[in-house]
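Worksheet: one structure, shown below.
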4 protein chains.
Amino acid sequence: MPDHEDKLVGEFPFVPKQERAQQKRNALIQSGNALFNSKGYEQTTAKEIAAHAGVATGTFYRYFSDKRQLLMSLIEDKLENYLPPEPSWVSSDPEFLLASLLEAHYNRLNELGLHRVLPELLSKDSELAEVLGTARKKIHARIHYGLTQASEKGLTWTDLDLDTVSWAIMVLVENGQEKERQSGKKVDFREIAKVICRMVFPPAVLEHLRNSENDTTE
Amino acid sequence: MPDHEDKLVGEFPFVPKQERAQQKRNALIQSGNALFNSKGYEQTTAKEIAAHAGVATGTFYRYFSDKRQLLMSLIEDKLENYLPPEPSWVSSDPEFLLASLLEAHYNRLNELGLHRVLPELLSKDSELAEVLGTARKKIHARIHYGLTQASEKGLTWTDLDLDTVSWAIMVLVENGQEKERQSGKKVDFREIAKVICRMVFPPAVLEHLRNSENDTTE
Amino acid sequence: MPDHEDKLVGEFPFVPKQERAQQKRNALIQSGNALFNSKGYEQTTAKEIAAHAGVATGTFYRYFSDKRQLLMSLIEDKLENYLPPEPSWVSSDPEFLLASLLEAHYNRLNELGLHRVLPELLSKDSELAEVLGTARKKIHARIHYGLTQASEKGLTWTDLDLDTVSWAIMVLVENGQEKERQSGKKVDFREIAKVICRMVFPPAVLEHLRNSENDTTE
Amino acid sequence: MPDHEDKLVGEFPFVPKQERAQQKRNALIQSGNALFNSKGYEQTTAKEIAAHAGVATGTFYRYFSDKRQLLMSLIEDKLENYLPPEPSWVSSDPEFLLASLLEAHYNRLNELGLHRVLPELLSKDSELAEVLGTARKKIHARIHYGLTQASEKGLTWTDLDLDTVSWAIMVLVENGQEKERQSGKKVDFREIAKVICRMVFPPAVLEHLRNSENDTTE
DNA sequence: TATGAATGAGAGTTCATTCAT
DNA sequence: AATGAATGAACTCTCATTCAT
């Protein structure tokens, strides 16, 4: 992360403009993220973001057409974080596996921390809603895919509505934060995982999977 | 609480101050509710609320010190709506019972519709957070109580963490709205109920309960 | 000043309406006076005045067209307080006489206490300015008259500009309050009187007057 | 304080931020001064001040947290104007000397013209009251000092209360404005000076001073 | 007449965005 | 490109005054 400016002969804006620009842009995005998370979107001013990023107010508008656009960029930049890892159900204790997957995903969401920012915006900003909806659909799809795999292997309840279950899993993870904030207690992923496993797998299968614990997981 | 105004003769300007004032106050609360729901809390101005309620801006401030206080009143006024009915698990198909309970509760929440209003506020307004936290704790307690009943009758999984399950149920219901808005699809309470029942009851118990389907529900 | 309405057959609102009205009007004026003095004119609201007087807001406007008019009434009602007593210079120690006159006048002004209310208003309200200007002119005239008497008896400096001296006396008394408020010290009328006497009377005359102290003072 | 912008070559945007900002700030202070004087403090809005200064409303708030703070700045900026010059009594006609000193001081106060602004504020704004009280104390102290000099040289009445006389002088000058505004007549400083001289100097001393009129004045 | 709820213009203030430097 | 001062629309809230009861 050094500045690359300590050249020999010097010269002026040696570092390609692009790069410096990217740096500023990133700084702004980071600052936006930090401030939106800590104070909320409406409560954060463009000036603050600029100041936090160490640039002038006007510079903000060189990189983003407005505050909203910064938020969009923020979301898009970090979108991949929304994607949970794909589980492979076979070959390990599914509860344990799930618990760690959930925790990992939960932590990424937490870091991103847009929960408290988004709900209010979604209703007035349909483009944003769409961007975010897309992200959630991707998550949903990935969970759904994992379940399908399990289902095709005959591991799940036969009458399982994969859609509903995927959604339930997604919702439970997303809301862990809220639980944590409000109750003070840490989220117990082991328990959540247990509960989810019972939604998905019949007891016999669970038993079987747990016993065929052969190799590594992560 | 009848209107007392439908007099035959008389026509005294009856119940004048109190009642009219209540009407205005209610109109404002309703308008606040409607606008907060459709535009979000931050995006709604006191002026708009007043206009929507058909009163002048200043009138708003006769009844509420500010927008925030109206929101608080709104929540307190409707708090009981947050409380789900208490289920009695025995003596009917638990899935069916649960599905209808969930739907009823969901509809009340929906009507209240504060979901999109609250998240942004909770982090900056600790008093509000507390009010709402209390409400949620009550919901949680009621669900928890229903589960305890079932548990004590030996109906549930023996290793069930009632706390986690209560929370999961609460979260799933609360988030139905979001699902509906984003996916367009109606929430399928039957499926959710099925999933929850599997979290709570071992298959054998479920089977048994379903077969002992004799009489009344509530 | 009886109201002439106390008819024989009379009836309920036994106390003649006029009188009740006068009472309210007076109550409002008193309240206005008290509040203007303690909070300033702009900082006092019509509602407060009404509340303080124990009547409804609307009632205020039955008696006064607006807040300003109440102030005018207030001033006119109490205008005579502005008039200082007329001194008779001969026949007593003039310093002592003056000191007591000044103190008496000062106390009346003090009680009226409009100092802090008026200056700001004078510039925007020419009618009020006129009302008050008139009052001050009367005071000035009375002081001037007292001095003329003295002058005609050959007691004063021969080259005395009575106008200037009258004004100076008026100003010094009026500003005593301010001095008191700001310095904390009580105004020493004896000293002021001494100073004024020197403005007005040559030392020889003063000496003479002081010695011819024959009869009563106050 | 020349503008530095009239460069021959160069044309660097010289002294850009500081100076322009100072200009705006000054413009606002001037406008505040002008408007407070002509309309009174309460009657002047921040918006008006900004408009009068030719800037936008928001700009006002860049330089001053609010109207009150502008007033404070105004007072502090001009505080030295409150200080009257120190007289040296000996060696010239004291009446003449005093008249010109009074007039000079009067004119400065007049220019500052806060008289009509302050009284209403002093009672509710103790910080402001203090700022202004300090200023008045300085004036008082300076007059007092001048008198002490004279007193120590044995020029004054021996029983003179310097404190009271200083205050009287201060008050008379400060109130000249009011007199002028209300009576329409110009203040006659010659007469006031005469009156004050009689408060301070015994006739014999006055006579003597007037005759020893030899050389320089101040 | 008396009441006090209702009104709405307008004051004070903020902040997203523009623009001269 | 970068800066940060300037802009002004829009928001919150107050209060003199009106008006239905």
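The figures here come from the full heavy-atom set of this structure, side chains too, leaving out hydrogens, waters and symmetry mates. Chain A is the first sequence line, chain B the second, and so forth, proteins listed ahead of strands; every chain is numbered from 1.
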**Request:** Please determine, for the side chain of A:Val55, which listed nucleotide (E:dT7, F:dT3, F:dA2) has the closest atom?
**Result:** F:dT3
**Message:** Considering only residues two or more places apart or on different chains, which pairs with a residue in residues 52-64 of chain C satisfy salt bridge (Lys or Arg N to Asp or Glu O under 4.0 Å)?
**Reply:** none
**Complete:** Between CD1 of C:Ile49 and P of E:dG4 the distance, given in whole Å, is 17 Å
**Asked** Nearest of E:dG8, F:dT7, F:dA2 to any side-chain atom of B:Ala56?
**Response** E:dG8
**Request:** Could you list the residues that satisfy ring-ring contact (aromatic ring centres under 6.0 Å, His included) with C:Tyr61, not counting sequence neighbours?
**Result:** none
**Asked** Will you find, in the side chains of B:Glu48 and B:Gln43, an N or O donor that is under 3.5 Å from an N or O acceptor?
**Response** no
**Prompt:** D:Thr59: what forms a side-chain hydrogen bond (donor to acceptor under 3.5 Å, both in side chains) with it, not counting sequence neighbours?
**Reply:** none
**Asked** Can you check the B:Gln22 CD to E:dA6 C1' distance for me, whole Å?
**Response** 16 Å
**Request:** Have a look at D:Phe64 and say if it touches a base, only the backbone sugar-phosphate, or nothing, with a 4.0 Å heavy-atom cut-off.
**Result:** nothing
**Asked** Can you name the residues that form a side-chain hydrogen bond (donor to acceptor under 3.5 Å, both in side chains) with C:Thr44, not counting sequence neighbours?
**Response** none
**Asked** Please give, in whole Å, the distance from F:dA1 P to A:Arg25 CZ?
**Response** 14 Å
**Asked** How is the base pairing of DNA chain F summarised as a dot-bracket string, given the Watson-Crick and G-U wobble criteria with both distances under 3.5 Å, [ ] for crossing and | for another strand?
**Response** .||||||||||||||||||||
**Asked** How many Å lie between CZ on B:Arg62 and C1' on F:dC19, as a whole number?
**Response** 14 Å
**Request:** Not counting sequence neighbours, which residues clear ring-ring contact (aromatic ring centres under 6.0 Å, His included) with C:Tyr63? List them please.
**Result:** none
**Request:** Please state how far atom CG in C:Leu70 lies from atom P in F:dT17, giving the value in whole angstrom units.
**Result:** 12 Å
**C:Gln30: partners by side chain to side chain contact (heavy atoms under 4.5 Å, CB included), with sequence neighbours left out** = C:Lys78
**Message:** In whole Å, I'd like the distance from the CD atom of C:Gln69 to the P atom of F:dT17.
**Reply:** 11 Å
**Request:** Quick one, give me the B/S/- string for nucleotides 10-16 of chain E, reading 5' to 3', where B means a protein heavy atom under 4.0 Å from the base and S means that only happens at the primed atoms, P, OP1 or OP2.
**Result:** -SSBBBS
**Request:** Sequence neighbours left out, what passes side-chain hydrogen bond (donor to acceptor under 3.5 Å, both in side chains) with A:Ser73? Give chain and number order.
**Result:** none
**Request:** May I have the distance from B:Leu28 (atom CG) to E:dA5 (atom C1'), rounded to whole angstrom?
**Result:** 13 Å
**Item:** A:Lys24 NZ - F:dG4 C1' separation (whole Å)
**Value:** 13 Å
**Asked** Donor-acceptor pair, B:Lys67 side chain versus B:Tyr41 backbone, under 3.5 Å?
**Response** yes
